[in-house]
Each structure stands twice: as structure tokens, then as C-alpha cells.
*Asks:* 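One structure follows; several queries about it will come next.
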Amino acid sequence: MVTNHGVPERMMKAMIEVCREFFELTEEEKGESEGKHVLDPIRYGTSFNPSVDKILYWRDYLKIFQHPAFHSPSNPPSFREIALDYSKRTRGVMKEIVRGISESLGLEDKYIEKASNLENCLQIMIANLYPPCPQPELAMGLPAHSDHGLLTLLIQNDTVGLQVLHKDKWVNIYPIPNSFLANIGDHIEILSHGKYKSVLHQAVVNDRDVRISIALAHGPAADAAVSPAPMLLEDGQNPLAYRAMKYKEYVELQQSNKLDGKSCLEHIRNRGI
Ligand SMILES: O=C(O)CCC(=O)C(=O)O
Ligand SMILES: [Fe+2]
């Protein structure tokens with residue numbers, strides 16, 4: 001949990017409220033944001049990826065690319081201004097944390113920034129709406145997964161639903177007002193050669209309250225293909241421990257398949273090295 005981050009609370013609340021307004025639009029209005037391809041810059045839908053999900057998840061989502069090119073749905077009209085401010089401020093927080101992670105690994109503070117070309121980082125906003133579910137024990141909001149990028153900064157309304165795997169147990173993350181939940185993504189695990197592990201998390205649903213969460217996923221630049229920092233390798237370890245893949249290809253791989261734990265990271269791990 002990150003507090004004292006400098007992003008005004010009213011900005012976070014405005015972001016949640018304008019996402020709520022988006023989800024309350026008619027299906028026809030929301031349909032304007034229906035992307036066809038997983039790399040389309042604006043994509044509204046239900047479940048995770050209905051074309052590959054065998055069971056549907058109790059969730060509506062809106063995914064919007066915010067950086068390096070900023071996109072916004074045209075409705076609600078105030079979305080653009082609020083999201084532009086919010087995504088910029090969130091990138092600032094992300095950079096600070098990533099510098100801290102670099103230092104904690106004994107690297108120069110800008111190592112990760114340079115290696116992943118953070119100036120052009122792919123920043124994606126994922127707004128999630130989980131309506132009350134009449135039989136929550138039979139449904140899931142989102143299955144267990146790790147995020148594809150470097151660092152995700154998540155805010156939520158005051159309804160519990162996010163769980164993180166900690167010591168083999170699912171732990172509820174209770175919302176703390178005016179804070180971000182920072183989740184390590186697969187690309188920090190790659191860059192740090194596994195010294196940091198991406199976090200497995202999932203979303204459960206309830207039968208009383210609407211839950212809204214907004215994740216800002218920050219990855220390397222779309223065309224950057226990162227590998228473990230050479231100075232973190234111990235003698236005899238090979239920098240090719242992960243197959244180098246452009247970040248946009250990794251996102252495409254994860255988003256086009258069933259969301260399944262850390263299967264994507266497993267997929268690019270070179271065994272026997
Ligand atoms: O709703 C949540 O808290 C989790 C959302 C999430 O994990 C995601 O959008 O990647
Ligand atoms: Fe996630």
C-alpha cells in the first residue's frame with residue numbers, strides 16, 4: 001500500500017466516479033468503446049476475454065491506453081480531462097517506486113527506467129466494475145493472475161474484493177482511502193531475475209455492493225524487450241533465462257489467452273538454463 005504519494009484524494013475519487021458514470025451509460029453508448037483487438041487503445045467488454053473464457057467472470061471492464069499516446073472515450077465528456085490528469089500523476093508515482101526498486105536491487109536508480117524506456121512506457125488504465133452477484137460463492141470477478149507490466153497502481157471504492165496470494169493463502173486487501181495498492185508485475189520479475197516476484201491476485205464478488213477498481217498498469221515501452229539485469233546474475237547464470245519478447249507481444253499473449261496464474265511468464269522462461 002502506498003500512502004503519502006502526493007496525488008490529491010479528490011483526483012482519485014473523481015476518477016472512480018467518472019468510471020462509474022461510464023459503466024452507467026447505455027449499452028449502445030458504451031458500445032462505441034468496444035475494441036475488437038486486444039491491442040486496440042480503447043476496449044470495453046464483459047468478463048476477461050469472452051472469446052477465450054470458458055466460464056464468464058462477473059465483471060465489466062474498460063481498458064484505455066493512456067501513454068505514450070493518450071486515449072479517452074468521448075462519453076462521459078469529463079472523462080478525458082480527469083483521466084489525463086490522473087494518468088500523468090500516477091506515472092510520476094510509478095517512476096519514484098521503480099527507482100526505489102532499482103536501488104533496492106543494488107542497481108543505479110535509473111537502471112529500470114533506462115532498460116525499459118519508461119519515457120515511452122505503455123500505461124494502460126483498466127477500470128473494473130463488479131456488480132452485486134446473487135450467488136457470489138459460484139462466481140469470480142477475475143481469476144488468479146499476475147499483471148504483465150512492471151508496476152500496477154490500483155485504487156478502489158470502499159468495497160472489499162481484491163485478494164492477494166500470500167504464503168499460499170488468499171488474503172483480503174481492505175481498501176484504505178487515499179492510497180494505492182502497488183502490485184509487482186511480470187516485467188519486474190524478469191528484470192530482477194526473480195529477486196522480485198510478480199504478485200498473484202484475484203477479485204471475488206459479493207451480493208450487496210457494486211465494486212469498482214481502477215488499475216493503472218505500467219509496462220516498458222511497447223517495442224522494448226527486456227531481459228534480466230546482467231549484474232544480478234550469479235556466476236554461471238544465463239541472461240537468456242527468459243526469452244526476450246517485445247512488451248506489446250507479451251501483452252497480446254496474455255490478453256488473448258485464458259487468464260491463468262503466471263502461465264505467460266512460464267511460457268517465456270527458458271528451462272534448463
Ligand atoms: O479488481 C481488482 O481489484 C483487481 C483488478 C486487476 O487485477 C486487474 O485489473 O488486473
Ligand atoms: Fe491484475
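Each ligand, and each atom within it, is numbered from 1 in the order the structure gives. Only heavy atoms go into these numbers, but all of them, side chains included; no hydrogens, no water, no symmetry mates. If you're wondering where the values come from, they're calculated on a predicted model, not measured in any experiment.
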*Asks:* Is E119 paired with K95 through a side-chain N to carboxylate O contact shorter than 4.0 Å?
*Replies:* yes
*Asks:* Within this structure, what is the CG-CD distance for the pair L216 and Q66, rounded to the nearest 0.5 Å?
*Replies:*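 Here the rounded value is 6.5 Å.
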*Asks:* Which ligand 1 atoms, with their elements, are less than 4.0 angstrom from a heavy-atom of D147?
*Replies:*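 In order of number, 10 (O).
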*Asks:* Can you tell me which portion of Y130 lies within the under-4.0 Å heavy-atom range of ligand 1? Options are side chain, backbone, both, or neither.
*Replies:* side chain
*Asks:* Is it possible for you to say whether F79 and L25 belong to one hydrophobic cluster, with membership spreading through side-chain heavy-atom contacts below 4.5 Å?
*Replies:* yes
*Asks:* Using 0.5 Å steps for rounding, measure from the CG atom of L105 to the NE2 atom of H193.
*Replies:* 12.5 Å
*Asks:* Which is closest to atom 2 (C) of ligand 1 in terms of heavy atoms, A217, S213, P143?
*Replies:*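 Going through A217, S213, P143 one by one, S213 has the nearest heavy atom to atom 2 (C) of ligand 1.
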*Asks:* Any non-hydrogen atom of H145 lying under 4.0 Å from ligand 1?
*Replies:*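 Yes.
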*Asks:* Return the NZ to CD distance between K262 and Q254, rounded to the nearest 0.5 Å.
*Replies:* 12.0 Å
*Asks:* Starting from atom 3 (O) of ligand 1, locate the nearest protein heavy atom and write down its residue, its atom name and how far away it is, to 0.1 Å.
*Replies:* R211 NH2, 2.7 Å
*Asks:* If we set the cut-off at 4.0 Å for heavy atoms, which region of N183 has an atom near ligand 1: side chain, backbone, both, or neither?
*Replies:* neither
*Asks:* Measuring from non-hydrogen atoms of Q156 to any atom of ligand 1, is the shortest distance under 4.0 Å?
*Replies:* no
*Asks:* Between Y196 and S104, is there a side-chain donor-acceptor contact under 3.5 Å, judged purely by atom types and distance?
*Replies:*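 Indeed, the side chains of S104 and Y196 share at least one donor-acceptor pair under 3.5 Å.
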*Asks:* In a check of side chain to side chain contact (heavy atoms under 4.5 Å, CB included) between F180 and each of T152, L154, V93, which one passes?
*Replies:* V93
*Asks:* With heavy atoms of L142 as the reference, note each atom of ligand 1 found under 4.0 Å away.
*Replies:*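 Listed by number with element, the hits are 5 (C), 6 (C), 7 (O), 8 (C).
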*Asks:* Taking only heavy atoms of H201 into account, list the atoms of ligand 1 that are under 4.0 Å away from them.
*Replies:*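 Answer for ligand 1: 7 (O).
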*Asks:* Before giving the answer on ring pair (Phe, Tyr, Trp, His ring centres under 6.0 Å), spell out for H187 and Y250 the whole-Å C-alpha distance, their side-chain angles and the decisive distance to 0.1 Å.
*Replies:* CA-CA 10 Å; H187 275 71; Y250 192 86; 4.9 Å; yes
*Asks:* Distance under 4.0 Å to a non-hydrogen atom of I126: what atoms of ligand 1 satisfy this?
*Replies:*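 Reading through ligand 1 atom by atom, the close ones are 9 (O).
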*Asks:* From the N, O or S atoms in D147, identify the one nearest to the Fe ion (ligand 2).
*Replies:* OD1
*Asks:* Need the ligand 1 atom indices (1-based, order shown) with element for anything under 4.0 Å from a heavy-atom of N128.
*Replies:* 1 (O), 5 (C), 9 (O)
*Asks:* What angle, in degrees and rounded to 10°, do you get at the Fe ion (ligand 2) when you join it to NE2 of H201 and to NE2 of H145?
*Replies:*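 Value, to the nearest 10 degrees: 90°.
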*Asks:* Distance from N183 atom CG to S198 atom OG, nearest 0.5 Å?
*Replies:*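 Reported to 0.5 Å precision, the distance equals 9.0 Å.
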